Amino acid sequence: MLTLKQINEDKARVVAGLQKKHFPNAAEAIEQVLELDAQRKAAQQQKDAAQAEMNRLSKEIGLLFKQGKQAEAAAAKAKTGELKESIAQYETRMREAEEAQTKLLLTIPNVPYDIVPEGGTAEDNLVVKSNVGECPEGSTVGNWQGNVQNDQAKLPHWELARKYNLIDFDLGVKISGAGFPVYIGKGAQLQRALINFFLAEANKAGYTEVMPPTVVNAASGYGTGQLPDKEGQMYHCEVDDLYLIPTAEVPVTNLYRDVILEEKQLPIKNCAYTECFRREAGSYGKDVRGLNRLHEFSKIEIVRIDTPEHSDESHKEMLAHVEGLLQKLELPYRILRLCGGDMSFTAALCYDFEVYSEAQHRWLEVSSTSNFDTYQANRLKCRYRREEDKKTALCHTLNGSALALPRIVAALLENNQTERGIHIPAALQPYTGFEWID
RNA sequence: GGAAAGUUGGCGGAGUGGUCGAUCGCGGCGGUCUUGAAAACCGUUGACCUGAAAGGGUCCGGGGGUUCGAAUCCCUCACUUUCCGCCA
């Protein structure tokens, strides 16, 4: 959530940013936050004064008892009753204001950075880079034309999966349900190869590998912001009150919850492969066909914790890393800078990576790489001690997929199909151990 | 699932209801000594809220209670550890 400091320091910027994000009634909400803060401060000051008086009295009473002055002590005691009551009152008022403020702040999204484009829908996202077309200034999803192959003879991946016996969707339905495919033979081996490839690349780029639990407690869900807003999107094991993670971001970022890091430890660079679980309630149609949207899928995530000064640089490095993966896989891709209205609740700046599916004739999102500024860190209480003055300050958190498997597999199968079979890109062959699926 | 013990500052570990935010050790930081380092010695060392500052307030797992006063007593919840059982 936003910090009071951010709001106090530049209210106008915050309000303008929220409007860019299409958050309704931004100005009113911010005013209300400030009003509640004023109430809280007033109550606290009253409470503190009363408490100070109480502390003083208590000490005095103790002293009087020690000196054997029973009568004077009793007299002092009599004074405490009223004081106690007013302390309780101020405390209640303070807590109520604080709770109301937090509750409100949790409903307010992060403020986007200046370079985030205006816009409300996916059509307004800027196309900033692609390997299949020029991206002059002002290119948007709505007006950009990439030089993509549309071969009508190419089969969609769900048909290829059946043809080469790589993935059995019906078996998945039998043992689990829709959205839980079973990978078989070279299909399964391809999964494992991609996981190893992505992890090896991340390790090469200096990310420390973490293998976290895939089930987390509610506190972790709140830490990264899946709770309370997206409660329905996570699988919840009610008996134990545990959640299946929708992304490795949750356990990995929460490693740094309630932690004070030393500045010289930063940036922290972690990567993790996990299975990800998403209920995807409300999805339907061609979006969920085949591998396009699953309830369980494999993903390698990169996570960084950094200083405010360096987080932008970190973000750029992450983007370069993800782009490098797509280049090595020889896939047609484009990079989008998301517009205010299409960004996630918690992001300050977000780039999506999409690969082109030549049989489905559409772009598939395979990575979303975001800088959350201090928004997540504030909830997580993830801080660092500055070298300069030894003060604590909130970290910046960043994360991105590098990469999510299913849509990569879809594009690889579809784009690389030939009469002879499906060709595995050279960079991946050391990991698969085979060059062809045939 | 059964039984017991525990939860204190970055870590280890004290703590009698009344200057306890908390002894001490380690670690960290600064210094003396040294060509440099180590060792030794001296000093210093929590977070948060509030305030221009001085200062004030909160925090000893969470919540509640007793008391003029709670890390210390009571209740409750959560978690951890150990032993037994079960199991990979």
Side-chain angles (χ1 to χ4, degrees), chain A residues 1-9 33-105 211 213-223 227 236-243 251 254-266 268 275 305 374 377-395:
Chain A
M1 58 186 185
L2 295 174
T3 64
L4 258 315
K5 199 166 162 241
Q6 284 173 293
I7 296 170
N8 279 319
E9 273 172 5
V33 168
L34 291 174
E35 169 58 27
L36 286 165
D37 190 46
Q39 282 176 25
R40 195 206 92 243
K41 277 186 189 176
Q44 181 175 351
Q45 279 165 12
Q46 288 169 310
K47 188 221 128 201
D48 283 359
Q51 186 73 57
E53 175 64 10
M54 186 65 140
N55 290 346
R56 198 189 58 74
L57 263 177
S58 288
K59 266 182 198 170
E60 196 178 301
I61 291 166
L63 209 63
L64 289 171
F65 270 123
K66 258 187 201 160
Q67 294 169 346
K69 298 178 183 169
Q70 304 293 340
E72 289 179 48
K77 261 198 202 182
K79 284 195 265 181
T80 60
E82 205 180 322
L83 207 48
K84 228 176 161 177
E85 238 171 71
S86 55
I87 289 173
Q89 269 178 21
Y90 294 139
E91 227 164 35
T92 307
R93 211 180 297 167
M94 180 175 141
R95 202 182 53 235
E96 280 170 358
E98 203 167 3
E99 277 169 6
Q101 187 190 51
T102 304
K103 205 173 153 198
L104 181 57
L105 276 172
M211 190 178 248
T214 45
V215 174
V216 296
N217 56 29
S220 295
Y222 281 99
L227 294 175
H236 184 203
C237 178
E238 285 182 35
V239 186
D240 300 296
D241 195 23
L242 293 170
Y243 295 85
N254 271 283
L255 297 176
Y256 305 96
R257 168 152 51 87
D258 295 320
V259 162
I260 301 177
L261 299 156
E262 293 299 327
E263 184 170 350
K264 58 184 167 221
Q265 294 177 264
L266 302 176
I268 282 173
E275 287 299 293
I305 316 281
T374 59
N378 189 32
R379 273 205 210 184
L380 286 165
K381 292 210 197 64
C382 172
R383 292 164 293 174
Y384 74 104
R385 195 178 306 283
R386 291 196 301 239
E387 279 295 319
E388 190 188 350
D389 55 6
K390 303 288 175 197
K391 297 266 191 201
T392 56
L394 288 173
C395 296

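Computed from a predicted structure; not experimentally measured. Naming convention: chains lettered A, B, ... in sequence-line order (proteins, then strands); numbering from 1 in each chain.
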query: Is the base of B/G56 touched by the side chain of A/Asp48 through a donor-acceptor pair closer than 3.5 angstrom?
result: yes
Atom pair distance, as rounded to whole Å: [atom1] in [X] and [atom2] in [N]:
X	N	atom1	atom2	answer
A/Tyr384	B/A47	OH	P	15 Å
A/Leu4	B/C48	CG	C1'	14 Å
A/Glu262	B/G46	CD	C1'	13 Å
A/Arg93	B/G57	CZ	C1'	17 Å
A/Lys5	B/C48	NZ	P	12 Å

Which base sits across from [N] as a Watson-Crick or G-U pair, both distances under 3.5 Å?
N	value
B/A52	none
B/U44	B/G28
B/A5	B/U80

Taking the minimum atom-to-atom distance to the side chain of [X], which one of [options] wins?
X	options	result
A/Lys77	B/G57, B/G51, B/C68	B/C68
A/Lys59	B/G51, B/U19, B/G18	B/U19
A/Thr392	B/A47, B/U50, B/G69	B/A47
A/Arg385	B/C68, B/G51, B/A47	B/A47
A/Lys84	B/U50, B/G57, B/C68	B/C68
A/Ile61	B/G18, B/G57, B/C49	B/G18
A/Gln51	B/C68, B/A47, B/G57	B/G57

Measuring to OP1 and OP2 of [N], would you say a side-chain N or O of [X] lies under 4.0 angstrom away?
X	N	answer
A/Asn55	B/G56	no
A/Arg56	B/U19	no
A/Lys41	B/G51	yes

field: Donor-acceptor contact present, side-chain A/Arg379 to main-chain A/Tyr222, <3.5 Å
entry: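 Answer holds: yes.
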Do [X] and [Y] have side-chain atoms, one donor and one acceptor, less than 3.5 Å apart?
X	Y	answer
A/Asn217	A/Ser220	yes
A/Gln6	A/Thr3	yes
A/Glu35	A/Gln39	yes

query: For A/Gln44 and A/Met54, take the nucleotide of RNA chain B holding the closest heavy atom to each; which residue's nucleotide lies nearer the 5' end?
result: A/Gln44
- line: The answer to which of A/Lys47 and A/Leu57 contacts RNA chain B further toward the 5' end, by nearest nucleotide, is A/Lys47
task: Looking at every strand, decide which applies to A/Thr80 at a 4.0 Å heavy-atom threshold: base, sugar-phosphate, or nothing.
output: sugar-phosphate
